[in-house]
Amino acid sequence: LLQLLLPVASAEPELRFRPPAEAPVRLFTEPELARYDGHQEGQPIYLAVKGVVFDVTSGKEFYGKGAPYNALAGKDSTRGVAKMSLDPADLTHDTTGLTEEELKSLDDIFNNVYKAKYPIVGYTSRRILNEDGSPNLDFKPEDQPHFSIKDEF
């Protein structure tokens with residue numbers, strides 16, 4: 001019976017979507033993240049929102065050198081995403097003083113654009129660490145069950 005079922009099981013259509021091979025997820029300092037700003041040819045393009053670092057290389061036409069949203073690349077641009085602003089003063093992780101509407105917009109874009117479209121490659125040190133450099137015990141990886149903060153130290 002098993003021999004009869006094996007050919008049937010292998011005849012099932014292959015999945016169209018294959019999750020990417022699990023690349024190691026890592027911790028990024030601000031200077032490390034800045035290296036992935038889209039200005040170096042052949043280098044991936046990363047940006048962070050809410051301390052989560054996304055690989056936006058597949059959106060090079062939006063985030064690459066000279067592209068409309070290149071200002072967001074290579075840094076945690078949480079405030080800029082929330083305010084839909086490319087003003088250099090808004091290209092920061094700081095969400096102090098954002099309105100309820102801006103915070104809701106941030107969550108919508110974070111979940112429905114970045115998490116839905118781009119792979120997570122890491123986290124900013126600010127998201128994982130407390131101000132004194134100790135591990136943030138409340139840190140919860142975004143859809144990264146294989147990520148372990150202890151591997152970073």
Side-chain angles (χ1 to χ4, degrees), residues 14-153:
E14 282 195 46
L15 294 175
R16 284 188 173 184
F17 172 75
R18 291 227 181 267
E22 285 185 10
V25 174
R26 59 182 268 222
L27 177 74
F28 287 87
T29 62
E30 286 182 34
E32 287 171 328
L33 186 56
R35 290 192 288 225
Y36 301 95
D37 65 358
H39 287 98
Q40 252 186 315
E41 195 61 39
Q43 188 83 297
I45 305 167
Y46 296 162
L47 73 79
V49 178
K50 295 173 67 171
V52 180
V53 181
F54 296 94
D55 181 340
V56 296
T57 308
S58 65
K60 187 176 184 173
E61 67 275 13
F62 301 109
Y63 301 103
K65 184 178 181 180
Y69 301 118
N70 176 253
L72 300 172
K75 60 185 73 72
D76 189 327
S77 299
T78 301
R79 185 179 196 83
V81 170
K83 294 181 76 169
M84 296 190 179
S85 168
L86 296 176
D87 181 330
D90 289 329
L91 301 180
T92 176
H93 70 280
D94 189 6
T95 57
T96 306
L98 291 178
T99 66
E100 237 180 90
E101 187 176 309
E102 289 167 334
L103 291 170
K104 183 182 179 331
S105 173
L106 172 63
D107 284 342
D108 288 346
I109 294 168
F110 178 75
N111 289 310
N112 300 321
V113 175
Y114 291 106
K115 278 181 64 177
K117 193 171 184 177
Y118 300 109
I120 295 170
V121 292
Y123 299 92
T124 62
S125 55
R126 189 171 265 111
R127 170 137 179 174
I128 294 178
L129 304 176
N130 294 316
E131 292 293 321
D132 65 1
S134 65
N136 174 0
L137 300 178
D138 295 325
F139 170 73
K140 304 265 186 299
E142 294 286 334
D143 300 329
Q144 298 293 322
H146 59 283
F147 180 83
S148 172
I149 191 169
K150 71 179 188 288
D151 294 338
E152 294 293 333
F153 300 101

Taking every non-hydrogen atom, the tightest pair across [X] and [Y]:
X   : Y    : result
I45 : D37  : CG2-C, 4.5 Å
A71 : S77  : O-OG, 4.4 Å
A82 : S105 : O-OG, 3.9 Å
H39 : K65  : CD2-CG, 3.5 Å
E61 : S58  : OE1-O, 3.7 Å

Not counting sequence neighbours, which residues clear salt bridge (charged side-chain N to carboxylate O under 4.0 Å, His left out) with K60? List them please.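 For K60, the residues satisfying salt bridge (charged side-chain N to carboxylate O under 4.0 Å, His left out) (neighbours in sequence not counted) are E41.
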Quick check: does any side chain N or O of N111 sit under 3.5 Å from a backbone N or O of A116, one acting as donor and the other as acceptor?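 It does not hold such a pair.
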F54 vs Y118, ring-ring contact (aromatic ring centres under 6.0 Å, His included): CA-CA, chis, key distance, verdict: CA-CA 6 Å; F54 296 94; Y118 300 109; 7.2 Å; no
For F28 and D76, run side-chain contact (heavy atoms from CB on, under 4.5 Å): C-alpha distance rounded to whole Å, both residues' side-chain angles, the deciding distance at 0.1 Å, then the answer. CA-CA 10 Å; F28 287 87; D76 189 327; over 6 Å; no
Please list, one pair per line, the donor and acceptor atoms closer than 3.5 Å that link side chains of residues 84-92 to other protein atoms, with sequence neighbours excluded.
from: S85; atom 1: OG; to: D87; atom 2: N; distance (Å): 3.1
from: S85; atom 1: OG; to: D90; atom 2: OD2; distance (Å): 2.7
from: D87; atom 1: OD1; to: A89; atom 2: N; distance (Å): 2.8
from: T92; atom 1: OG1; to: D94; atom 2: N; distance (Å): 3.3

Looking at E30, I'd like to know if its CD atom is crowded, meaning that more than 12 non-hydrogen atoms belonging to other residues, nucleotides or ligands lie closer than 6.0 Å.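 No - once you tally the heavy atoms of other residues, nucleotides and ligands closer than 6.0 Å, there are 12 at most.
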Take atom CD of E100 as the centre, draw a 6.0 Å sphere, and report whether it contains more than 12 heavy atoms from other residues, nucleotides or ligands.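 No.
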For residues 50-59, which residue pairs pass the salt bridge (Lys or Arg N to Asp or Glu O under 4.0 Å) check, not counting sequence neighbours?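 Of all non-adjacent pairs touching residues 50-59, those that pass salt bridge (Lys or Arg N to Asp or Glu O under 4.0 Å) are K50-D107.
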Go through the steps for F110 and V52 under the test side-chain contact (heavy atoms from CB on, under 4.5 Å), then give the verdict. CA-CA 9 Å; F110 178 75; V52 180; 3.7 Å; yes
Between L33 and V53, is any pair of side-chain heavy atoms under 4.5 Å apart?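 Sidechains of V53 and L33: in contact.
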Indicate yes or no: at least one non-hydrogen side-chain atom of L47 is less than 4.5 angstrom from one of Y63.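 Yes. Closest side-chain heavy atoms under 4.5 Å.
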